[in-house]
Amino acid sequence: MAHEAQDPAFERLIDAHAPVRQPGSGFMFTEGPIWHPVEHYLLFSDMPGDVRRRLDSSGVREVARPSNKGNGMTYDAELNLLICEHSTSSVVRLRPDGRREVLASHYEGRELNSPNDIVVKSDGSIWFTDPWYGRMEGFGVERPRELGWQGVFRLPPGHRPGEEPQLVVDRYLFTMPNGLCFSPDERLLYVNDTEQANIRVFDVEDGGRLRNGRIFAGGIRDSLRPGVPDGMKCDAEGNVWVTAPGGLWVYAPGGKLIGKVSIPELPANFHWGGADWRTLYVAASTSVYAIPVKVGPRNEPFMRARPAARAASSAPAAGGDALRLDAGRCALIIQDMQNDVVTEGGAFADSGSPQHCRDQNAIANIARLADRCRAMGVPVIHVHYLVHPGAPGMTLNAPLFEGVVDAGALVRGTWGGSPVEGLEPQPGDHVVEKMRMSAWEGTALETILKAESRDILIETGAWTNMSIEHTARTGADKGYVMVIPEDGCSTMNADWHRASIDYALQNVSLVTKVDEVIAALS
């Protein structure tokens with residue numbers, strides 16, 4: 001079915017004829033979809049059926065019955081499942097080992113209405129809406145209300161189970177507050193109201209205070225098509241997606257309606273998923289739908305969870321656990337290991353790069369790791385910096401690029417541009433060419449990773465504080481788990497190497513050693 005573009009900006013987010021698949025159907029009323037970033041499956045609720053289900057490559061199966069008529073769900077940064085339960089009027093935390101903790105159930109001594117939708121901020125605070133749908137027959141358990149109004153609440157960082165939540169809006173501002181989401185920089189909080197058919201936006205101050213509430217979008221209704229504001233999310237570019245008549249309506253950050261995504265059934269909620277976060281899963285009445293999109297979600301805290309880090313840390317953990325890596329999700333990147341970069345006689349030999357490469361034993365270490373990866377079926381991707389003679393197309397906006405041009409370095413077909421001895425591409429390896437520090441910029445790297453379904457990247461090569469660091473930073477922003485075996489990297493000297501490893505790379509990657517990666521691949 002065709003989607004409606006109200007503005008050309010919409011076409012950057014989704015194709016006009018993007019297919020709408022139906023991977024699951026036959027349910028009563030679906031809600032609360034959430035994607036597990038490590039194990040790659042979708043959880044969703046079926047409130048009237050009082051069941052929680054899982055959708056993965058094997059199909060759909062039940063994981064909880066009864067489910068206390070759970071509605072909205074998300075994960076915290078530790079991948080504990082947070083659930084808004086209608087039957088219990090509670091926000092609960094379900095730990096991976098099955099332990100259930102009631103985080104909030106009362107305000108001012110009175111039972112909450114029925115927590116509905118939920119989101120986690122980067123500081124660990126948990127925010128949720130509290131309309132009274134869960135006190136209606138079918139969607140919950142019919143019973144009297146105790147509060148008499150519908151609010152939006154916050155559980156601050158360090159909140160302990162059972163403590164009362166903080167009310168963050170005027171208690172009579174909303175009629176039926178429902179979907180809520182943060183902007184990518186978390187300076188704005190959006191909350192929609194199903195009965196008022198609008199979206200409000202607030203400025204978020206330090207300490208969780210909201211101010212300057214105003215209408216972001218109104219009139220989200222259509223007399224000819226069913227659908228109301230319910231689930232709502234923000235994408236990585238700050239556009240606001242909300243369920244609405246006929247499907248999902250998309251608003252630009254300034255509040256302009258730019259397009260509508262058509263869904264065959266009445267949608268209730270949605271979330272991004274897939275290995276690359278480019279599949280939009282929509283819970284709509286009796287079904288779950290999946291749509292390919294071009295933009296990813298706001299980078300929520302749970303999306304940064306590291307598959308390897310959940311199994312162990314970069315070194316043996318306190319409990320004796322060792323690093324484990326799923327070979328089926330890994331790819332090895334060997335970057336800039338070319339003669340001009342790290343070999344005596346190369347264009348940059350005077351920088352000290354060849355000596356530091358030898359000190360690190362980087363070539364031999366990478367070669368051992370590459371052999372292990374090939375044996376385990378892990379794709380090996382060589383990233384080479386290559387230019388044509390004279391470096392046409394090279395901008396001179398940075399000293400590094402000027403150095404490549406001035407030295408006549410890294411020219412395609414020359415000894416200087418060739419891979420160093422011992423790290424030549426082997427049959428089955430991939431080769432990616434670039435003209436920038438980052439392996440992502442203007443290259444086919446992500447196309448290869450998507451085709452191979454890889455989201456854990458083991459990055460090696462030169463130079464640590466330049467190409468390695470730039471690639472790791474961007475990879476982390478894109479949602480990949482970056483693993484840096486530091487003795488498989490080198491730069492001009494040990495001081496620069498350690499500065500990058502000990503500061504920037506510790507914050508965007510899992511820093512380890514080559515031998516630990518070899519042992520971890522399973």
Side-chain angles (χ1 to χ4, degrees), residues 306-317 321-338 341-342 353 356-383 419-420 422-423 425-426 429-430 432 437-439 445 449 454-476 480-494 496-522:
R306 300 172 176 177
R310 282 190 57 77
S313 62
S314 59
D321 294 332
L323 174 66
R324 292 290 181 266
L325 294 172
D326 181 353
R329 296 174 58 191
C330 291
L332 172 65
I333 295 176
I334 302 174
Q335 188 162 199
D336 296 357
M337 294 304 282
Q338 297 159 262
V341 180
V342 295
S353 176
H356 189 249
C357 185
R358 289 194 296 271
D359 293 343
Q360 288 285 100
N361 199 28
I363 295 173
N365 287 340
I366 296 171
R368 288 190 298 109
L369 179 54
D371 287 343
R372 172 65 172 170
C373 285
R374 294 184 186 106
M376 297 296 298
V378 173
V380 176
I381 305 172
H382 302 261
V383 180
V420 298
L423 291 180
Q426 302 298 307
D429 291 358
H430 298 279
V432 170
M437 280 182 280
S438 173
L445 176 59
L449 294 172
R454 306 289 163 154
D455 62 354
I456 304 174
L457 308 187
I458 306 163
E459 187 188 4
T460 64
W463 290 317
T464 315
N465 57 316
M466 295 189 187
S467 293
I468 301 301
E469 184 176 316
H470 277 255
T471 300
R473 287 175 181 271
T474 303
Y480 292 91
V481 176
M482 305 301 299
V483 179
I484 310 294
E486 65 98 1
D487 53 346
C489 306
S490 67
T491 185
M492 284 82 160
N493 56 66
W496 287 14
H497 176 80
R498 288 258 51 98
S500 183
I501 289 292
D502 292 343
Y503 294 96
L505 285 170
Q506 291 283 353
N507 288 313
V508 296
S509 62
L510 190 160
V511 177
T512 181
K513 298 281 190 177
V514 164
D515 284 340
E516 291 172 5
V517 175
I518 290 173
L521 287 169
S522 60

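Source: prediction; values computed, not measured. Sequence positions, counted from 1, serve as the residue numbers for this chain.
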If you compare all heavy atoms of [X] against all heavy atoms of [Y], which two are closest, and at what distance to 0.1 Å?
X: Val378; Y: Ala331; value: CG1-CA, 3.7 Å
X: Gln360; Y: Glu486; value: NE2-O, 2.9 Å
X: Val508; Y: Ala476; value: O-CB, 3.6 Å
X: Pro485; Y: Thr460; value: CG-CG2, 3.7 Å
X: Arg329; Y: Asp455; value: NH2-OD2, 2.8 Å
X: Ala462; Y: Ile468; value: N-CD1, 4.1 Å

Distance check, rounded to the nearest 0.5 Å: [X] atom [atom1] versus [Y] atom [atom2]?
X: Thr474; Y: Met437; atom1: OG1; atom2: CE; value: 10.0 Å
X: Leu521; Y: Leu369; atom1: CG; atom2: CG; value: 7.0 Å
X: Leu445; Y: Tyr480; atom1: CG; atom2: OH; value: 7.0 Å
X: Cys373; Y: Ile458; atom1: SG; atom2: CD1; value: 4.5 Å
X: Leu505; Y: Ile484; atom1: CG; atom2: CD1; value: 5.5 Å
X: Asn507; Y: Asp502; atom1: CG; atom2: CG; value: 11.0 Å

Suppose we screen for side chain to side chain contact (heavy atoms under 4.5 Å, CB included). Which residues come up paired with Asn361, at least two apart in sequence or across chains?
Ala364, Asn365

Going by the rule side chain to side chain contact (heavy atoms under 4.5 Å, CB included), which residues pair with Ser353 if we only count those two or more places apart in sequence or in a different chain?
Val342, Ser351, Trp463

Please name all residues satisfying side chain to side chain donor-acceptor pair (under 3.5 Å) with [X], sequence neighbours left out, ordered by chain then number.
X: Glu469; answer: Arg473, Ser500
X: Ser490; answer: none
X: Gln335; answer: Lys434, Glu459, Thr471
X: Asp487; answer: none

Is there a side-chain contact between [X] and [Y] (heavy atoms, below 4.5 Å)?
X: Pro419; Y: His382; result: no
X: Ile381; Y: Leu449; result: yes
X: Leu332; Y: Val517; result: no
X: Ile363; Y: Met337; result: yes

Using modelled atom types only, decide if a donor and an acceptor are shared between the side chain of Arg454 and the backbone of Cys330 within a distance under 3.5 Å.
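Side chain of Arg454 to backbone of Cys330: a pair is present.
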
Tell me whether Arg372 contacts the main-chain N or O of Ile518 through its side chain, where contact means a donor paired with an acceptor under 3.5 Å.
yes

Qualifying salt bridge (Lys or Arg N to Asp or Glu O under 4.0 Å) pairs, either residue in residues 360-369, two or more places apart:
Arg368-Asp515

Among all residues two or more places apart in sequence or in another chain, which pass the salt bridge (Lys or Arg N to Asp or Glu O under 4.0 Å) test with Asp429?
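Asp429 satisfies salt bridge (Lys or Arg N to Asp or Glu O under 4.0 Å) with Arg374 only.
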
Listed partners of Arg358 passing salt bridge (Lys or Arg N to Asp or Glu O under 4.0 Å), at least two apart
Glu344

Out of Thr464, Ile366, Val511, which residue meets the side-chain contact (heavy atoms from CB on, under 4.5 Å) rule with Cys489?
Thr464

Applying ring pair (Phe, Tyr, Trp, His ring centres under 6.0 Å), can you list everything that pairs with His497, at least two apart in sequence or on another chain?
His356

